[in-house]
4 protein chains.
Amino acid sequence: MAVRVAVAGASGYAGGEVLRLLLAHPEVEIGALTGHSNAGELFGNLQPHLVPLAGRTLEATTPEVLAGHDVVFLALPHGQSAAVAAQLGADVLVVDMGADHRLKDSADWDTFYGAPHAGTWPYGLPELPGARAALEGARRIAVPGCFPTAVSLALFPAYQAQLAEPEAVIVAATGTSGAGKALKAHLLGAEVMGSVTPYGVGGAHRHTPEMVQNLSPLAGTRVSVSFTPNLVPMARGILATCSAKALPGTTAESLRAAYEKAYADEPFVHLLPEGRWPSTKSVHGSNAVHVQVAYDESAQRIIAISAIDNLTKGTAGGAVQSMNIALGLPEGTGLSTIGVAP
Amino acid sequence: MAVRVAVAGASGYAGGEVLRLLLAHPEVEIGALTGHSNAGELFGNLQPHLVPLAGRTLEATTPEVLAGHDVVFLALPHGQSAAVAAQLGADVLVVDMGADHRLKDSADWDTFYGAPHAGTWPYGLPELPGARAALEGARRIAVPGCFPTAVSLALFPAYQAQLAEPEAVIVAATGTSGAGKALKAHLLGAEVMGSVTPYGVGGAHRHTPEMVQNLSPLAGTRVSVSFTPNLVPMARGILATCSAKALPGTTAESLRAAYEKAYADEPFVHLLPEGRWPSTKSVHGSNAVHVQVAYDESAQRIIAISAIDNLTKGTAGGAVQSMNIALGLPEGTGLSTIGVAP
Amino acid sequence: MAVRVAVAGASGYAGGEVLRLLLAHPEVEIGALTGHSNAGELFGNLQPHLVPLAGRTLEATTPEVLAGHDVVFLALPHGQSAAVAAQLGADVLVVDMGADHRLKDSADWDTFYGAPHAGTWPYGLPELPGARAALEGARRIAVPGCFPTAVSLALFPAYQAQLAEPEAVIVAATGTSGAGKALKAHLLGAEVMGSVTPYGVGGAHRHTPEMVQNLSPLAGTRVSVSFTPNLVPMARGILATCSAKALPGTTAESLRAAYEKAYADEPFVHLLPEGRWPSTKSVHGSNAVHVQVAYDESAQRIIAISAIDNLTKGTAGGAVQSMNIALGLPEGTGLSTIGVAP
Amino acid sequence: MAVRVAVAGASGYAGGEVLRLLLAHPEVEIGALTGHSNAGELFGNLQPHLVPLAGRTLEATTPEVLAGHDVVFLALPHGQSAAVAAQLGADVLVVDMGADHRLKDSADWDTFYGAPHAGTWPYGLPELPGARAALEGARRIAVPGCFPTAVSLALFPAYQAQLAEPEAVIVAATGTSGAGKALKAHLLGAEVMGSVTPYGVGGAHRHTPEMVQNLSPLAGTRVSVSFTPNLVPMARGILATCSAKALPGTTAESLRAAYEKAYADEPFVHLLPEGRWPSTKSVHGSNAVHVQVAYDESAQRIIAISAIDNLTKGTAGGAVQSMNIALGLPEGTGLSTIGVAP
């Protein structure tokens, strides 16, 4: 019997992406598609690439419309998920692709988001040590941020193997879909094409505490994170260039071994052959994470780089992967490691 | 029992794309991957987005390597397909993604290609009236050119319904993957980003006679084609803007009706709702064709516009679709109408 | 003594571009910079590329602020120019970069713009036969639309030499800055990168009657125009692919001769050597127009293609060129034929 | 009397850019244009954006052709400059835009380039403390690498003011023109559009020792540099995200003050207002450097970010600026701080 799924916030980029994946999911039947300002519009006009849903109409995000589904994906502005989830039964699987239930530390939430903290849900990054078990049978899931996904998977093996000092420096290039469909002048095509711009510089980006939260337990101490995102001229993709000073005794071999061990059995993480580096194009539209690591002897630093599709593994793919685990389906159902390139 | 498939020319864009699709095809087992100058290289270094094939090695294109497959896809420079096909059994399905067996008129072949004409094979554009039947049970298939695919599907309903004068004017924007992986200065990223350039202007493009060949039988007279491709700054996609003078009596309604009739039952052609126009992003990586048509009363012209992914429906997707028909599989097996957007 | 210039609408793309050019103009002193919703903001935050003006403040567009200048450039939404111009003295040179005073036929204005027609001003396309003389000493100038600039310069020599039938078919690729800084979802970077989309199809684009107006007098009869613009993934540039059926007797030689004659003495029009085709990158940021023409014998059509920078020659460069003529300065003062490539 | 200038390597990106600037330089007359494999070709076919030179022919790079010029710009592959310079008189100003004469330490040269070291010339980064004086009257100039230009100008004020620990971590996004016109598969448009890829990771990039050389004297100790370039989908531009741990006592105010002091009188360095961050688009085609700095209290790191055009300030603009100083011309002659945006 098919799993019946609703998507709240179906007209945005995260909502569209989760529907793209769910349409290819053999166990899923797509139910309600809801939105806010666009409710009542023909869905084909809002997401013209989703041809099988072209004749649907976007409904309003109400308890009545969302009732009667086994799974509800939430792609809502932060601060709204808790209220919607409270209206759904405890046996409904609610997968929140927003930020509301990621952070454990309410003080971090207050500092970076400034709204009442809605509490913490099981964290939808199965590759993170311990996370997969917490997702099995879960009925509430917090999907990680796109940058924390890329950064945590690039760096955690180095911390887990006690090879890196607890001060990470990260610069991540991101496609502009990461900012959503918000109508802002700096996101216009004429502005972003041919240009690279940083934002959220100096510790201001909201994804920073989530990275600290993911890496610190593995390091056994608080890891400080200096994080600078760069907006680059592409629609999708994140390339995270992450580094940390190596602890004494680290070698290129011990570093490689740590990553090989961490990712030997992970279906979606592809540790590249030595000497090859990731590119975002190779993971375009896929749930794969490409990772490579090197040891810079001169600077005594570990450099770990990951590439993901911010909308797929970074949002909707991670969400479907976590749904599969929660429902007891094979983890990779409906997901692919194959990018659309060139 | 799985259909065993080989791909000759697997390191190029067409070869990579057909493998991307075949990896998702439930009835196919991927056999030999062959190439020329790169033979012996690790496949993961050549097509890093095809993770499941990363450990394979590219082999040489020889009869021995290609033997023992049910289907062989050819992604070779023009002029080479006939010799390779001759070495394969008559019961092997050979799908030629190159130009060698598309044109019926040897004089056209001589004019535009200048090599001995290798003969004509069943034409892999199932949506063209009469083409589907010729593909059933075929063991040799000529996959259409990417531009003729886009243009023929945009225009043929108007000619079939006797609404258009036999002089078509076409300007098509194409992504640069259409030119293949050839190392040419004008295809470098620094040249193409931020620039639009025409090429093959004035009747010189090799796809022109193929368009004439496709449209003329439906018009009942020779259709002349003025075709100008524009290279635009994107990796994939074709948007074909096609027009022809309307025959007397044509109305917006009769035009719409002709297209609705032509495409009522086509699984991959999506006639957009009136007033919506295609975009290449909506078909990115999919086998869909988005079509729209309008009647310009002032200029008394029919304007028909189609969007395809040049590598998918325009090459490898059309090839797999035709393979499915030839093998008696459901036509859409392993193919999708859903684009990767944004 | 310097010419004192004000720019109304200085925070948009046309306003920014005219200031970029005026900053390099040796006879000009930049006076007031005005805007509407952004009045009061630091100009450096609005146009960060114009470093010498970074410390200025945007003022409101009022008669008081605009008073005391020799020249006022208007970069305003259509329908607003006439009212502002009426408040300025008859001896002030008003250069309208908007649409209000381009069309001679009020019926066209009503059909395509739907507001009361503000009347016609001398037309700022000096290369059009007769236009330069009308600009000398003028105190009101209507700058042409970007598409009519590209199209008229591609086609008029063929009409002037009586070589083409009066039915022109035009498809133009345009960068997204042509749509201005308007906050619309389809102009977001994530939407436009990797995509080509037509708009204003079927005779609906407002620039169509302006093309008819420019070409018809030279043809000696009404020229019908089928015009389809395509939005392509670049910030700047127009490539106009224009064609018309050749009149009997036209040859490749007579065609070439017509263009050589028309452009022998034009400082900004560069007729390319035979066999070379324009690219928008070559005119990026310059006032140059690159033109090429060919005769397609098979289709019996003339194909003329031009490349311009929509913001420079297509808007602000044409405006400065016309200002120079009106003020009696050398026509090329402060302007360049050199593009920023690659 | 005009300064007569030759350009060796005129068909590449650096050669084309220096000619673009020299065409706008009021004191310069352009003499010989030379090349290697393209010698004999019409220059207009090689650099179609340089309309005033369209009728020139590329000559071979020989002593005879280069003789009789006051200034010779060299845009040659590394290892070739010394031999060409030896053939030119000691009174000829030779400006080497390649790498041959940048490094002081022959061991660094051997490690990163592997050819015999050609010796060190005055360093063409006038903004670096002490560099301007060494350029006055010079007849040999080594133009800095594009990345060292961006990085040194982002970081040196922090080191000069003794605010930063001597371990710099740098990730720089670069447009693909930085790799030159080399025909390599990974530089094809279809590969780079929509993709970000790192290269030269782990201390392998040849520009690393040049950064160390520039920063260490100001820090008073050897500064280690971890440098990772990212290839991003644009033709031009570098955004360098640079950071270092702050020394105790550093405050946001002391940091700002250091940068304000360093750049108070620099004509081409634009320290942005607090809270604004650079974008490469704002410096497109200009000789400007946009810089911003912040103190991340949580990570206790200084983050300094610069944007340059890699071909202008990063290569040809820096070369012309240095030429001006060497010849005693006003430093900014023929150069602009105004970018071509959007």
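Note on naming: letters A, B, ... go to the chains in the order of the sequence lines (proteins, then strands), and numbering restarts at 1 for each one.
Separation of the His205(B) and Tyr199(B) ring centroids falls under the 6.0 Å cut-off. Under the 6.0 Å cut-off for aromatic ring centres, Phe156(C) and Tyr263(C) qualify, their centroids lying closer than that.
Among the candidates Val196(B), Ile303(B), Thr197(B), Leu239(B), the residue making the largest number of heavy-atom pairs closer than 4.5 Å to chain C is Val196(B). Most heavy-atom pairs under 4.5 Å with chain C: of the set Pro342(B), Gly202(B), Ala299(B), this distinction falls to Gly202(B). Among Ser243(C), Ser282(C), Ser279(C), the residue making the largest number of heavy-atom pairs under 4.5 Å with chain B is Ser279(C). Ranked by non-hydrogen atom pairs under 4.5 Å with chain B, the options Ala341(C), Ala235(C), Pro233(C) are led by Pro233(C). The greatest number of non-hydrogen atom pairs below 4.5 Å with chain C, out of Val169(B), Thr241(B), Thr280(B), is found for Thr280(B). Annotation: maximal heavy-atom pairing with chain B below 4.5 Å, among Tyr295(C), Trp277(C), Phe227(C), occurs at Trp277(C). In terms of non-hydrogen atom pairs under 4.5 Å with chain B, the most contact-rich of Ser298(C), Ala294(C), Pro278(C) is Pro278(C).
The backbone N or O of Asp296(B) sits nowhere less than 3.5 Å from a side-chain atom of Arg301(B) that would complete a donor-acceptor pair. Using a distance-only test at 3.5 Å, with no hydrogens or angles considered, no donor-acceptor pair links the side chain of Ser216(B) to the main chain of Gln213(B). Judged purely by atom type and a 3.5 angstrom limit, Ser152(C) uses its side chain to pair as donor or acceptor with the backbone of Pro148(C). With hydrogens and angles disregarded, a donor-acceptor distance shorter than 3.5 Å links the side chain of Gln292(B) to the backbone of Pro273(B). In terms of modelled atom types and a separation under 3.5 Å, the side chain of Ser254(B) and the main chain of Thr251(B) share a donor-acceptor contact. The backbone N or O of Ala154(B) lies less than 3.5 Å from a partner atom in the side chain of Tyr259(B), making a donor-acceptor pair. Side chain of Thr149(C) to backbone of Gly145(C): a donor-acceptor contact under 3.5 angstrom is found. Remark: the backbone N or O of Leu103(B) is paired with a side-chain donor or acceptor of His117(B) at under 3.5 angstrom.
To the nearest 0.5 Å, atom CD of residue Glu167(C) and atom NZ of residue Lys245(C) are 9.5 Å apart.
With a 4.5 Å cut-off on non-hydrogen atoms, Ser226(B) touches chain C through its backbone and its side chain both. Only the side chain of Val232(C) comes within less than 4.5 Å of a heavy atom in chain B; its backbone stays farther off.
You'll find the side chain of Arg276(C) stays beyond 4.5 Å of the side chain of His290(C), heavy atoms only. Contact annotation: the side chain of Leu272(B) approaches that of His270(B) to within less than 4.5 Å [non-hydrogen atoms, C-beta and beyond].
Between Arg236(B) and Glu17(B), at least one side-chain nitrogen of the basic residue sits less than 4.0 Å from a carboxylate oxygen of the acidic one, meeting the salt-bridge criterion.
Applying a 4.5 Å heavy-atom cutoff, the residues of residues 172-194 of chain C that approach chain B are Ala173(C), Ala190(C), Glu191(C), Met193(C), Gly194(C). At a heavy-atom separation below 4.5 angstrom, chain C is approached by Ile305(B) within residues 304-317 of chain B.
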